[in-house]
Number of protein chains: 2
Amino acid sequence: MAQEIPNNIFCQHDHRGCRATAMRGARAACRAANLRLTPMRARVLEILLESHKALGAYDILARLRAEGRSSQPPIVYRALDFLVSNGFAHRLERLNAFAACAHAEDRHQPMFLICESCHQVAEAPLDRLGQDIFARATKLGFQARSPVVEVSGLCPACQGDGEQ
Amino acid sequence: MAQEIPNNIFCQHDHRGCRATAMRGARAACRAANLRLTPMRARVLEILLESHKALGAYDILARLRAEGRSSQPPIVYRALDFLVSNGFAHRLERLNAFAACAHAEDRHQPMFLICESCHQVAEAPLDRLGQDIFARATKLGFQARSPVVEVSGLCPACQGDGEQ
DNA sequence: GGGGGTATGTTATAAAATAACAATAGGGGG
DNA sequence: CCCCCTATTGTTATTTTATAACATACCCCC
Ligand SMILES: [Zn+2]
Ligand SMILES: [Zn+2]
Ligand SMILES: [Zn+2]
Ligand SMILES: [Zn+2]
């Protein structure tokens, strides 16, 4: 598949392991920052970590209900607000959906690659592209604050296929 | 036409003039491409061109109704589909809203600057940044098709203010 | 054990988008 | 001119996404 360095989502990997690692990281980060990763918030994060697809708030809601938790939209949206504002998840604007952050260990600006065929979502750090975008904005007199970069296309596995 | 400075939306300009120019351009482009810029579609484009803010579909709907046209959501969405797929308007994913294209004369990928204070929206060509994004995606094994770049921040006029 | 802040639970509603089908308008061939 | 075909518009109903408003429960500190 691709390679292990920049981005592991489109690669084969031990997904249970990556989920557990992410949860451990989130718990540690919350302890360090004095944030409360309550059971509700933790469960929503786990659900996001179960796949590398983006989930809509109502998909998450349905899972919570399937697990027997009574749940209503505001509960999910509040958990997602927490996760997004503290960097444990991201919102995908094109999809009205959410995905767990793949690089929560460091502060970063994300760029998303969204497969139009299998709907997997990969997050890569924006890095220098973010700086370039800020520079372009500055040249136009605009004080940039938060950039969104989301690219639709085909993931490695879906490129051969006739689109499935 | 516009001007050679990259972006005139955050500058003072004769807005009636720029609207008329854009409408003329759209009519010519439709004639050339054998597309039908029907009265409905033209009116929606004019409404988008009346300001440099992004309008939600239901804002447009309200205007059409205020003008006496009976109108329902599908009508507006269909007109917007036409305008967006033929390059006369763009959808702003972060805002669930639409804006007339500021550079309809040439095929381009847009980048949007969205003022969080006055809600004006400026479109700049993505140009080399688009190529860089594609290159990054390619390096990750991803076949990029359509990139979305939308930057929130403060426009020149709103930077001094206490946010108003 | 009380008080204040934070989080969750619940009801209702708003906002954005689409499905499905009916009616109409235009345009070319007979 | 009339018919047929297609594209467009009109209409009704519904789905999907998100938030407002308020009640209850929890937790830490005193
Ligand atoms: Zn991330
Ligand atoms: Zn794929
Ligand atoms: Zn444009
Ligand atoms: Zn502004």
Side-chain angles (χ1 to χ4, degrees), chain A residues 26-27 30-31 33-48 53-86 88-99 114 119 148 150, chain B residues 26-27 30-31 33-48 53-86 88-99 114 119 148 150:
Chain A
R27 289 190 196 283
C30 283
R31 244 188 325 274
N34 204 22
L35 297 169
R36 297 177 54 195
L37 190 61
T38 61
M40 188 72 234
R41 292 164 174 176
R43 186 67 197 115
V44 171
L45 180 54
E46 278 173 356
I47 289 171
L48 288 178
K53 311 203 172 180
L55 295 181
Y58 282 76
D59 298 330
I60 297 169
L61 184 56
R63 297 230 200 178
L64 291 174
R65 284 179 170 158
E67 295 169 3
R69 313 194 174 219
S70 95
S71 213
Q72 295 296 325
I75 292 180
V76 174
Y77 280 102
R78 285 189 291 227
L80 289 168
D81 279 350
F82 171 86
L83 296 173
V84 169
S85 23
N86 295 110
F88 302 118
H90 298 288
R91 179 187 165 84
L92 285 116
E93 301 290 346
R94 292 182 84 149
L95 304 176
N96 292 335
F98 300 84
I114 302 167
H119 303 109
V148 163
E150 296 177 4
Chain B
R27 288 189 198 284
C30 283
R31 245 188 324 273
N34 203 22
L35 297 170
R36 297 177 53 195
L37 189 61
T38 62
M40 187 74 233
R41 293 164 173 176
R43 186 67 198 114
V44 171
L45 180 54
E46 279 175 355
I47 289 171
L48 288 178
K53 310 202 173 180
L55 294 180
Y58 283 75
D59 297 331
I60 296 168
L61 183 58
R63 295 230 201 180
L64 290 174
R65 283 178 169 160
E67 294 170 3
R69 312 193 176 221
S70 96
S71 212
Q72 295 295 326
I75 292 179
V76 172
Y77 280 101
R78 287 190 289 227
L80 288 169
D81 279 350
F82 171 87
L83 296 174
V84 169
S85 23
N86 296 110
F88 303 119
H90 299 287
R91 178 186 166 87
L92 284 116
E93 301 290 347
R94 293 182 85 150
L95 303 177
N96 291 336
F98 300 83
I114 303 167
H119 302 109
V148 162
E150 296 177 3

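Hydrogens, waters and symmetry mates are skipped; everything else that's a heavy atom, side chains included, is used. All chains are named by letter (A, B, ...) in the order of the sequence lines, taking the proteins before the strands, and each is independently numbered beginning at 1. Here the structure is a predicted model, which means the values were calculated and not measured.
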Is the shortest side-chain N/O distance from A/S71 to OP1 or OP2 of C/dG9 below 4.0 Å? no
Please list each protein N or O that sits under 3.5 Å from an N or O in nucleotides 17-21 of chain D, with the distance.
residue	atom	partner	partner atom	Å
D/dA18	OP1	A/R91	NH1	2.9
D/dA18	OP1	A/R91	NH2	2.6
D/dA18	OP2	A/Y77	OH	2.9
D/dA18	O5'	A/Y77	OH	3.3
D/dA18	N7	A/Y58	OH	2.5
D/dA18	N6	A/Y58	OH	3.2

Which heavy atom of B/L48 sits nearest to which heavy atom of B/F98, and what is that distance? CD2-O, 3.5 Å
Rounded to the nearest Å, what distance is computed from the CG atom of residue A/L80 to the C1' atom of nucleotide C/dT8? 15 Å
Please report the distance, rounded to the nearest Å, between CD1 in A/I75 and P in D/dT24. 15 Å
Atom pairs under 3.5 Å: protein N/O with N/O of nucleotides 25-30 of chain D:
none

Are the side chains of B/V148 and B/E150 in touch, meaning some heavy atoms are under 4.5 Å apart? yes
Can you tell me the distance, in whole Å, between the CG atom of B/N34 and the C1' atom of D/dT8? 15 Å
For a quick test of reading the model, state the closest non-hydrogen atom pair linking B/R36 to B/F82 and the distance between them. O-CZ, 3.7 Å
Between C/dT8 (P) and A/L61 (CG): distance, integer Å: 15 Å
Decide yes or no on side-chain contact (heavy atoms from CB on, under 4.5 Å) for A/R43 and A/E67, but give the supporting numbers first. CA-CA 11 Å; A/R43 186 67 197 115; A/E67 295 169 3; 2.6 Å; yes
Within-4.5 Å side-chain heavy-atom neighbours: A/R41 and A/R78: no
Please tell me if the side chains of A/I75 and A/V44 come closer than 4.5 Å, counting only heavy atoms from C-beta onward. no
Provide the closest heavy-atom pair for B/P73 versus B/Y58 in the form atom of the first, atom of the second, distance. CG-OH, 3.5 Å
Quickly work out the A/I60 CD1 to D/dT16 C1' distance and round it to whole Å. 15 Å
OP1 or OP2 of D/dT11 sitting under 4.0 Å from any side-chain N/O of B/S70? yes
Smallest separation among heavy atoms of A/A54 and A/A97, with atom names: CB-CB, 3.7 Å
Considering heavy-atom distances to DNA chain D, does B/R41 or B/Q72 have its closest nucleotide positioned more toward the 5' end? B/R41
Would you please name every residue forming a side-chain hydrogen bond (donor to acceptor under 3.5 Å, both in side chains) with A/N96, sequence neighbours left out? A/R91
What is the distance from CE of B/M40 to P of C/dG26, rounded to the nearest Å? 15 Å
